[in-house]
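Below is one structure, written out as structure tokens; the observations come after it.
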2 protein chains.
Amino acid sequence: MKSAKTVFGQYLKNRGMLHSKQREEILDIFLKTEKHPTIDALYQLIRKKHPKIGLATVYRSMRVICDAGLAREVDFGDGVKRYEHEYQHQHHDHLVCLKCGRVIEVLSPRIEHLQETLAKKHNFTPIRHRMEIFGTCRECKRKEK
Amino acid sequence: MKSAKTVFGQYLKNRGMLHSKQREEILDIFLKTEKHPTIDALYQLIRKKHPKIGLATVYRSMRVICDAGLAREVDFGDGVKRYEHEYQHQHHDHLVCLKCGRVIEVLSPRIEHLQETLAKKHNFTPIRHRMEIFGTCRECKRKEK
DNA sequence: AGATCAGTTGACCATAATTCTCAATCTCAG
DNA sequence: CTGAGATTGAGAATTATGGTCAACTGATCT
């Protein structure tokens with residue numbers, strides 16, 4: 001199985017794009033994250049090591065990283081783009097806590113299958129999909145009492 | 001069954017809010033729409049009849065209309081808020097065509113039920129949820145060939 | 001009906017996320 | 001090593017949305 005970095009390198013080469021230090025570094029930082037960082041969160045992390053890298057470059061690089069199939073944009077309804085790992089990660093859905101912002105990733109093969117069926121019924125060719133449940137997580141519910 | 005306007009009137013009264021002409025007119029225009037208008041689309045419609053009504057009022061009124069349970073915010077991933085009818089409309093999901101922008105509303109009680117189960121399994125209290133499948137609709141697929 | 005007062009509006013400004021511009025810089029094939 | 005072409009950094013531009021505040025309006029009371 002090829003590493004994420006190898007995939008990225010090949011993607012760039014195939015497209016005649018350059019393998020810049022910035023892209024390499026931004027990919028590195030992103031791969032080390034485990035949650036759903038925003039552009040700004042990534043930018044802050046990157047700044048510590050490479051204060052010269054600009055915000056616009058982070059935006060541009062994350063787009064390339066998404067196009068290469070290594071990241072996926074997600075949106076939890078708060079008006080900010082977030083990113084999560086896409087390479088070697090199964091598709092999953094999210095339970096988003098409206099109190100604390102915690103995000104629980106959940107797998108549901110049965111829902112996935114029903115979605116396929118639903119699309120087929122309407123002659124619709126699915127490319128990607130998303131499902132989020134917004135509510136209150138266990139911890140926040142306990143605190144309320 | 002109470003009409004949407006009646007519900008709105010009662011909501012305003014219960015909260016000590018005023019029943020202004022602007023709110024009435026914006027609700028009227030919204031109720032006549034059938035798709036998923038953006039704020040700007042609604043503003044353009046409203047302007048024709050009431051050129052005095054400002055954009056900020058449309059934003060503010062749509063929030064009130066949502067709070068009153070008559071509309072719901074939706075997001076199709078293009079960075080703009082849209083609104084759809086909520087009163088006397090079942091919850092449904094969306095098939096969003098990435099080529100032509102068409103949105104097909106679909107019902108799936110089985111998916112709804114699995115979502116409930118999923119939330120319960122994680123001790124998560126659901127408040128609302130959304131599911132969108134992005135892809136190519138029948139018409140756009142036909143054109144491709 | 002007229003006075004009153006809190007809620008609302010319109011016009012404009014503020015903000016935040018994201019993208020664009022462009023001169024300077026870097027990457028890489030030859 | 002060099003040149004052509006891609007990329008970057010800095011800051012301006014854009015877009016959607018929300019905030020401010022003086023002027024205005026709707027509902028209530030008399």
Side-chain angles (χ1 to χ4, degrees), chain A residues 5 8-30 36-44 46-68 71-83 101, chain B residues 5 8-30 36-44 46-68 71-83 101:
Chain A
K5 288 196 187 184
F8 192 51
Q10 291 185 345
Y11 175 86
L12 295 174
K13 179 159 278 184
N14 291 343
R15 303 272 177 138
M17 296 167 78
L18 299 184
H19 193 143
S20 70
K21 285 172 187 162
Q22 290 89 336
R23 283 176 180 161
E24 177 75 18
E25 184 58 28
I26 291 167
L27 177 59
D28 263 9
I29 297 280
F30 168 68
H36 301 86
T38 60
I39 285 289
D40 198 63
L42 289 168
Y43 179 52
Q44 298 309 328
I46 286 155
R47 272 188 132 177
K48 292 181 190 167
K49 282 195 174 179
H50 303 268
K52 292 273 190 60
I53 293 182
L55 182 57
T57 300
V58 182
Y59 273 101
R60 289 183 290 230
S61 296
M62 286 311 297
R63 177 175 292 176
V64 176
I65 290 168
C66 285
D67 290 346
R72 154 201 293 269
E73 272 184 15
V74 291
D75 161 36
F76 297 147
D78 56 357
V80 195
K81 283 183 184 175
R82 293 165 189 278
Y83 295 85
Chain B
K5 288 196 189 184
F8 193 51
Q10 291 185 345
Y11 175 86
L12 294 175
K13 179 159 279 186
N14 291 343
R15 304 272 177 139
M17 296 167 79
L18 299 184
H19 193 146
S20 71
K21 286 172 186 164
Q22 290 89 336
R23 284 177 179 160
E24 177 75 18
E25 184 59 28
I26 292 167
L27 176 60
D28 262 9
I29 296 280
F30 168 69
H36 302 87
T38 61
I39 285 289
D40 198 62
L42 289 167
Y43 179 52
Q44 296 311 327
I46 287 156
R47 271 189 132 178
K48 291 180 191 168
K49 284 194 174 180
H50 303 267
K52 293 272 190 60
I53 293 182
L55 181 56
T57 300
V58 182
Y59 274 102
R60 289 184 288 230
S61 296
M62 286 312 297
R63 176 174 293 173
V64 175
I65 291 168
C66 285
D67 291 345
R72 153 201 294 269
E73 273 185 15
V74 290
D75 161 35
F76 297 147
D78 56 355
V80 196
K81 282 183 185 175
R82 292 164 190 278
Y83 295 86

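Just so it is clear: chains get the letters A, B, ... in the order the sequence lines come, proteins before strands, and each one is counted from 1. Values below: every heavy atom of this structure, side chains too, minus hydrogens, waters and symmetry copies. From a predicted model like this one, the values you see are computed outputs, not experimental measurements.
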Next item on the list: Please determine which of B/Asp28, B/Val58, B/Leu55 meets the side chain to side chain contact (heavy atoms under 4.5 Å, CB included) test together with B/Ile46.
Entry: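 By the side chain to side chain contact (heavy atoms under 4.5 Å, CB included) criterion, B/Ile46 pairs with just one of B/Asp28, B/Val58, B/Leu55: B/Val58.
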Is the shortest side-chain N/O distance from [X] to OP1 or OP2 of [N] below 4.0 Å?
X	N	result
A/Ser20	C/dT27	no
B/Lys81	D/dG18	yes
A/Tyr59	C/dT18	yes
B/Gln22	D/dT25	no

Let me know the distance between [atom1] of [X] and [atom2] of [N], rounded to the nearest Å.
X	N	atom1	atom2	answer
B/Asp78	D/dT14	CG	P	20 Å
B/Ile65	C/dT8	CD1	P	13 Å
A/Leu18	C/dA29	CG	P	9 Å
B/Leu12	D/dA27	CG	P	9 Å
B/Lys21	C/dG7	NZ	C1'	16 Å
B/Ile46	C/dG10	CD1	P	10 Å
B/Leu55	C/dT15	CG	C1'	15 Å
A/Asp67	D/dA6	CG	P	17 Å

Note to self: Applying side chain to side chain contact (heavy atoms under 4.5 Å, CB included) to B/Ile53 and B/Lys21, what does each step give before you reach the verdict?
What the structure shows: CA-CA 10 Å; B/Ile53 293 182; B/Lys21 286 172 186 164; over 6 Å; no
Item checked: A/Lys13 or A/Gly79, whichever maps to the more 5' nucleotide of DNA chain C ->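 Taking each residue's closest nucleotide, the earlier one in sequence belongs to A/Gly79.
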Can you see which heavy atom on [X] is nearest to which on [Y], and at what distance?
X	Y	value
B/Leu18	B/Leu12	O-CD1, 3.7 Å
A/Leu27	A/Ile65	CA-CD1, 3.8 Å
A/Tyr83	A/Val74	N-CG2, 4.2 Å

Which nucleotide sits closest to the side chain of [X]: [options]?
X	options	result
A/Val80	C/dA17, C/dT9, D/dG26	C/dA17
B/Ser61	D/dA27, C/dT27, C/dT9	C/dT9
B/Arg23	C/dT18, D/dT17, C/dT9	C/dT9

Margin query: Please compare B/Asp40 and B/Met17 by the position of their nearest nucleotide in DNA chain D and report the one closer to 5'.
Written below: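 This one resolves to B/Asp40.
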Note to self: Under 4.0 Å, counting only non-hydrogen atoms across every strand here, what does A/Arg63 touch: a base, just sugar-phosphate, or nothing?
What the structure shows: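 Result for A/Arg63 = sugar-phosphate.
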Using a cut-off of under 3.5 Å, enumerate the N/O to N/O pairs linking the protein to nucleotides 10-12 of chain D.
none

Checklist line | NZ/NE/NH1/NH2 to OD/OE distance under 4.0 Å, A/Arg63 and A/Glu73 | finding: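 A salt bridge is absent here (no side-chain N lies under 4.0 Å from a carboxylate O).
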